[in-house]
Amino acid sequence: MQISPQQVLDALKNVEDPDLKKDLVTLNMIKDLQITDNQVTFTLELTTPACPMKDMLKNACTNAIKHFVSSTAEVVINVTSRVTQPANSSSLDNIKNIILVSSGKGGVGKSTVSSNLAVVLAKDGAKVGLIDADIYGPSVPTMFDLVDAKPGAEETADGKTKILPIEKYGIKLLSLGFFADPGQPVPWRGPMASNAVKQLFNDTNWGELDYLIVDLPPGTGDIHITITQSFPVSGAVVVTTPQQVALADTHKGLAMFRMPGINIPILGVIENMSYFTPAELPENKYYIFGKGGGTELAARFDVPFLGEIPIIQSISEAGDNGKPVALNQNPLLDGIFGDIASKIAQQISINNAQMVNC
């Protein structure tokens with residue numbers, strides 16, 4: 001008996017996206033359905049290329065068709081993605097999601113996290129940009145081996161000049177460090193710094209981006225207020241280290257995003273430098289700065305804990321050499337950064353769906 005498209009769609013209505021709490025047909029995630037004899041072919045369109053459950057959803061679709069339609073059906077599923085965006089993102093039409101990476105204090109590895117998060121999302125197939133908005137010590141030029149690089153510019157049809165971001169490793173990059181002499185200090189005043197950061201958003205030809213990651217300065221200053229009040233931010237990621245002095249400052253930084261007038265969704269907490277793992281003993285973990293501080297902070301604010309990043313020499317060496325470690329195919333670190341990136345993308349998809357349904 002010939003399989004009908006309606007039979008397939010009815011079967012797939014039994015497969016629910018566990019994050020969005022609706023079935024795949026209602027969510028319009030089933031595309032290009034074709035049936036030839038006993039073969040059922042369609043595209044499963046996810047809300048992010050970094051979806052951590054793509055294999056589970058694929059298997060669930062296959063099982064549903066075999067159970068509800070035909071046990072002998074040959075099911076071919078192509079997986080693609082169309083990244084969603086918040087309902088309030090109209091002011092930057094080509095940028096779907098802005099992700100802030102923040103910390104309460106300096107020295108916790110925020111730029112390392114930002115760089116590797118951008119690399120992982122780009123490797124997954126997302127269109128990614130990275131802004132280094134740290135006015136006190138821009139690190140992205142070093143981490144991408146672009147210390148002496150200068151972005152280009154182009155004139156638009158209406159006579160305006162647009163900055164052209166530098167592209168490397170599949171990521172579009174801009175840093176305040178590109179516009180200053182690397183060997184000279186730049187004493188930024190608050191309004192000057194705020195205007196410079198606004199230009200990185202408004203006066204740049206970013207093209208189409210799924211995610212624009214913003215590496216913020218440490219603390220809770222002018223730059224944070226300017227960005228959160230001027231642009232539609234999808235969410236903030238907070239980076240800390242385990243020791244109490246870092247957690248105390250991170251607590252304040254996290255609380256800032258929940259203040260009236262800012263009110264930015266917190267995507268989760270990342271604990272960097274969680275433990276030391278020697279290269280020759282990869283199974284050993286030495287918690288030299290304490291243990292569980294990031295988990296406790298996330299629980300205190302009722303936000304997701306995104307993961308622990310160990311102290312491994314190759315992380316700092318990769319950054320110093322201008323090639324973020326997520327490019328290097330280290331199985332341990334690929335898994336850690338990949339899991340963190342998937343959780344962030346997953347949380348953004350959930351938040352965007354909730355905003356649409358409000």
Side-chain angles (χ1 to χ4, degrees), residues 85-106 108 110-111 113-115 117-118 121 128-141 151 162-163 165 171-180 186 188-207 209-240 249-250 252-270 303 344 347-348 351-352 355:
Q85 62 190 87
N88 66 342
S89 62
S90 58
S91 64
L92 289 170
D93 289 334
N94 292 331
I95 300 173
K96 291 183 178 178
N97 296 284
I98 298 173
I99 304 171
L100 307 182
V101 181
S102 175
S103 67
K105 67 190 300 295
V108 300
K110 174 178 48 59
S111 296
V113 170
S114 300
S115 299
L117 175 60
L121 289 171
V128 182
L130 173 60
I131 286 180
D132 179 5
D134 190 343
I135 60 174
Y136 306 113
S139 302
V140 162
K162 288 278 189 178
I163 303 167
I171 303 162
K172 294 182 178 180
L173 301 159
L174 270 188
S175 169
L176 291 174
F178 292 154
F179 303 95
V186 181
W188 294 96
R189 288 187 180 274
M192 184 195 307
S194 295
N195 287 334
V197 170
K198 280 186 177 181
Q199 283 187 292
L200 298 184
F201 285 87
N202 292 327
D203 297 341
T204 299
N205 182 3
W206 287 106
L209 294 180
D210 296 318
Y211 305 103
L212 177 60
I213 298 166
V214 184
D215 180 10
L216 292 174
T220 54
D222 287 344
I223 300 297
H224 303 72
I225 295 170
T226 295
I227 293 174
T228 54
Q229 293 186 344
S230 303
F231 304 104
V233 176
S234 295
V237 175
V238 179
V239 182
T240 188
D249 289 336
T250 306
K252 298 171 188 173
L254 206 155
M256 175 195 69
F257 291 114
R258 290 190 167 170
M259 292 175 62
I262 295 180
N263 197 26
I264 297 296
I266 299 166
L267 303 173
V269 173
I270 298 171
V303 299
I344 291 171
Q347 195 60 45
I348 287 174
N351 292 351
N352 290 349
M355 291 178 69

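As a basis for the values below, the full set of heavy atoms in this structure was taken, side chains included, without hydrogen atoms, waters or symmetry mates.
Here CD1 of I344 is found 6.0 Å from CD1 of I99. Values are rounded to the nearest 0.5 Å. The distance from the CG atom of L130 to the CG atom of L117 is 9.0 Å, given to the nearest 0.5 Å. One distance of note links CD of Q85 with CG of N352; it measures 8.0 Å at 0.5 Å rounding. Within the model, atoms CE of M259 and CD1 of I264 stand 12.5 Å from one another, a figure rounded to the nearest 0.5 Å. If you take CD1 on I223 and OG on S102, they are separated by 12.5 Å, rounding to the nearest 0.5 Å.
Side-chain contact check for I98 versus F201: some heavy-atom pair is nearer than 4.5 Å. By the 4.5 Å heavy-atom criterion applied to side chains, L267 and N351 are counted as neighbours. Using a 4.5 Å heavy-atom threshold, the side chains of S234 and K96 count as separate. Within the 4.5 Å cutoff, the side chain of W206 has heavy atoms near those of the I131 side chain. For the pair T228/M256, no side-chain contact is recorded, criterion being any heavy-atom separation below 4.5 Å from C-beta on. Counting heavy atoms from C-beta outward, I163 and F179 have side chains that approach closer than 4.5 Å. When side chains are defined from C-beta on, I213 counts as touching L121, because their heavy atoms get closer than 4.5 Å. By the 4.5 Å heavy-atom criterion applied to side chains, P141 and D132 are counted as neighbours.
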Check against side-chain contact (heavy atoms from CB on, under 4.5 Å), L176 and L200: CA-CA 8 Å; L176 291 174; L200 298 184; 3.8 Å; yes
Taking it one step at a time, do I270 and V101 satisfy side-chain contact (heavy atoms from CB on, under 4.5 Å)? CA-CA 10 Å; I270 298 171; V101 181; over 6 Å; no
Determine whether F231 and I95 satisfy the following criterion, side-chain contact (heavy atoms from CB on, under 4.5 Å), listing intermediate values before the conclusion. CA-CA 11 Å; F231 304 104; I95 300 173; over 6 Å; no
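For N205 against P165, the heavy-atom pair with the smallest separation is O-CD, 3.3 Å. Across all their heavy atoms, V140 and S115 have their closest contact at CG2-OG, 4.3 Å. Nearest approach of S103 to V108, heavy atoms of both residues: CB-CG2, 3.5 Å. Contact between V233 and L100 at its shortest, heavy atoms only, is CG1-CG, 3.6 Å. The two atoms that bring I266 and R258 nearest to each other are CD1-NE, 3.6 Å, heavy atoms only. When every heavy atom of F178 is checked against every heavy atom of L173, the shortest pair comes out as CE1-O, 3.8 Å.
Enclosure of atom NZ in K198 is not indicated, since only 12 or fewer non-hydrogen atoms of other residues, nucleotides or ligands lie within 6.0 angstrom.
Between the N97 side chain and the D210 main chain, a donor and an acceptor come within less than 3.5 Å of each other. The main-chain N or O of P218 is never found under 3.5 Å from a side-chain atom of K110 such that the two would form a donor-acceptor pair. With hydrogens and angles disregarded, no donor-acceptor distance shorter than 3.5 Å links the side chain of H224 to the backbone of F257.
For N94, the side-chain hydrogen bond (donor to acceptor under 3.5 Å, both in side chains) criterion is met by no residue, not counting sequence neighbours.
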